[in-house]
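Bear in mind that the values here come from a model prediction, so they are computed numbers and not experimental data. One-based numbering along the sequence shown.
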Amino acid sequence: MSGLVLKLNPKERVLVNGAVIENGDRRSRLSILTPNANILRLRDAIRPDEVNTPVRRVCYIAQLVLSGDVTESDARLQIMRGIEQLSQALRDEDSRQHLTAATHAVEKSDFYRSLKALRNLLPREARLLARHHA
């Protein structure tokens, strides 16, 4: 994950290779130089009880890789299957771009960028589910 720059708010927490790091009292920027570092912003973390939709399920699997709770090899197939299932339901061009970006990131073992691409689908999924339940 070379070249990643994290902009952190005061007191924001981030998980880096299993270690929780808390920012100080001021905004700051961190440059992640180590390739394949596992990074997870804790403010963006999905809690187990929030894994209640298809997109959240796939995001959560990617998140488990970043937190070190699941190996890449165990998660890769599940994420790719999840992306394939999502592509059957989310057929608009914008969703396809995010799903393609997530797929390419998983192929490169870049689970941070995969999670980032998949998280972009959460608002769309929420709108679709709200319409379905209305």
Side-chain angles (χ1 to χ4, degrees):
M1 177 168 293
S2 180
L4 177 67
V5 175
L6 293 176
K7 296 175 185 174
L8 301 175
N9 291 322
K11 300 294 183 190
E12 184 174 355
R13 293 179 178 178
V14 63
L15 188 71
V16 179
N17 289 341
V20 176
I21 298 171
E22 183 176 84
N23 191 27
D25 293 330
R26 296 189 176 149
R27 289 181 51 90
S28 64
R29 292 170 43 120
L30 294 175
S31 296
I32 308 299
L33 303 177
T34 303
N36 302 318
N38 289 323
I39 311 292
L40 177 63
R41 287 178 179 271
L42 294 182
R43 72 174 183 202
D44 295 335
I46 297 172
R47 310 288 183 258
D49 61 320
E50 298 171 335
V51 183
N52 53 9
T53 67
V55 173
R56 285 181 175 274
R57 187 181 73 245
V58 181
C59 286
Y60 188 69
I61 297 166
Q63 178 180 300
L64 289 175
V65 174
L66 297 174
S67 67
D69 293 313
V70 174
T71 65
E72 290 183 16
S73 59
D74 288 342
R76 182 174 278 109
L77 181 61
Q78 291 181 54
I79 295 170
M80 295 301 266
R81 279 187 187 149
I83 290 171
E84 177 60 31
Q85 291 169 353
L86 292 173
S87 71
Q88 300 301 314
L90 302 171
R91 297 175 162 249
D92 61 283
E93 185 59 32
D94 189 50
S95 294
R96 291 234 179 250
Q97 288 177 356
H98 293 303
L99 291 168
T100 299
T103 299
H104 291 311
V106 170
E107 289 170 347
K108 295 177 184 174
S109 296
D110 189 346
F111 292 92
Y112 179 85
R113 284 195 171 80
S114 178
L115 177 59
K116 189 174 176 182
L118 290 166
R119 286 185 63 81
N120 287 321
L121 299 171
L122 289 171
R124 178 165 292 116
E125 179 187 51
R127 286 192 304 273
L128 289 172
L129 291 174
R131 250 189 264 151
H132 183 264
H133 293 302

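With sequence neighbours excluded, the residues forming a side-chain hydrogen bond (donor to acceptor under 3.5 Å, both in side chains) with Arg76 are Ser109, listed by chain and number. By the side-chain hydrogen bond (donor to acceptor under 3.5 Å, both in side chains) test, Asn52 is found to be paired with no residue, residues two or more places apart in sequence or in another chain being considered. The side-chain hydrogen bond (donor to acceptor under 3.5 Å, both in side chains) search around Asp44 returns none, not counting sequence neighbours.
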Q: Just do the side-chain contact (heavy atoms from CB on, under 4.5 Å) check on Arg124 and Asp94 with the steps written out, would you?
A: CA-CA 10 Å; Arg124 178 165 292 116; Asp94 189 50; 3.0 Å; yes
(Q) Go through it in stages, so that I can follow the logic: the residues are Val65 and Asp74, the test is side-chain contact (heavy atoms from CB on, under 4.5 Å), and I'd like the CA-CA distance, side-chain angles, deciding distance and then a yes or no. (A) CA-CA 9 Å; Val65 174; Asp74 288 342; over 6 Å; no
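Under the 3.5 Å distance criterion, the side-chain polar atoms of Ser95 are left unmatched by any main-chain donor or acceptor of Arg91. Under the 3.5 Å distance criterion, the side-chain polar atoms of Ser87 are matched with a main-chain donor or acceptor of Glu84. Put simply, the side chain of Thr103 gets close to the backbone of Leu99: a donor and an acceptor are under 3.5 Å apart. Between the side chain of Asn23 and the main chain of Asn9, a donor-acceptor pair closer than 3.5 Å is present. In this structure, Arg26 contributes its side chain and Gly24 its backbone to no donor-acceptor pair below 3.5 Å.
Under the 4.5 Å side-chain criterion, counting only non-hydrogen atoms from C-beta, Asp25 is in contact with Lys11. The side-chain heavy atoms of Glu107 and Met80, taken from C-beta on, include a pair separated by under 4.5 Å. Two residues are said to be in side-chain contact when any heavy atoms from C-beta on lie closer than 4.5 Å; Ile46 and Arg119 meet this criterion. Put simply, the side chain of Val70 does not reach to within 4.5 Å of the side chain of Gln78, judged on heavy atoms. With a 4.5 Å cut-off on side-chain heavy atoms, Arg113 and Leu4 count as touching.
In plain terms, the two heavy atoms of Arg56 and Glu125 that are nearest each other are N-OE1, 4.1 Å. Closest non-hydrogen pair, Ala102 versus Ile83, comes out as CB-CD1, 3.8 Å. For the pair Ile61 and Ala75, the tightest heavy-atom approach, listed with the atom from each and the gap, is CG2-CB, 3.7 Å. Nearest heavy-atom pair, Asn38 versus Leu66, reported as atom, atom and distance to 0.1 Å: CB-O, 3.3 Å. The minimum heavy-atom distance between Pro54 and Leu86, with the atom names listed, is CB-CD2, 3.8 Å.
The CG atom of Asn17 lies 7.5 Å from the OG1 atom of Thr34; values are rounded to the nearest 0.5 Å. Distance check, rounded to the nearest 0.5 Å: CD of Glu72 to CG of Asp110 gives 9.5 Å. Rounded to the nearest 0.5 Å, atoms CG (Leu121) and NE2 (His98) are 6.0 Å apart. Atoms CG and CZ, on Leu8 and Arg41 in that order, are 5.5 Å from each other to the nearest 0.5 Å. Put simply, CG on Leu118 and CZ on Arg57 are 11.5 Å apart, with the number rounded to the nearest 0.5 Å. Here Leu6 contributes atom CG and Tyr112 contributes atom OH; the two are 5.0 Å apart, rounded to the nearest 0.5 Å.
In the hydrophobic clustering of ILVMFWY residues, with side-chain heavy atoms under 4.5 Å counting as a link, Val58 and Val51 come out apart. Follow the hydrophobic side-chain contacts under 4.5 Å out from Val5 and you never reach Phe111; the two are in separate clusters. Leu90 and Leu115 end up in the same hydrophobic cluster when Ile, Leu, Val, Met, Phe, Trp and Tyr side chains are linked at under 4.5 Å. Cluster annotation: Leu128 is connected to Leu122 through the hydrophobic network of ILVMFWY side chains, with a link wherever side-chain heavy atoms come within less than 4.5 Å. Leu42 is connected to Leu30 through a chain of hydrophobic side-chain contacts under 4.5 Å among Ile, Leu, Val, Met, Phe, Trp and Tyr, so both are in one cluster.
No more than 12 heavy atoms of other residues, nucleotides or ligands shown are found within 6.0 angstrom of NZ on Lys7. Heavy atoms of other residues, nucleotides or ligands lying less than 6.0 angstrom from CZ of Arg81 number 12 at most. Within 6.0 Å of CZ in Arg43 there are more than 12 heavy atoms belonging to other residues, nucleotides or ligands.
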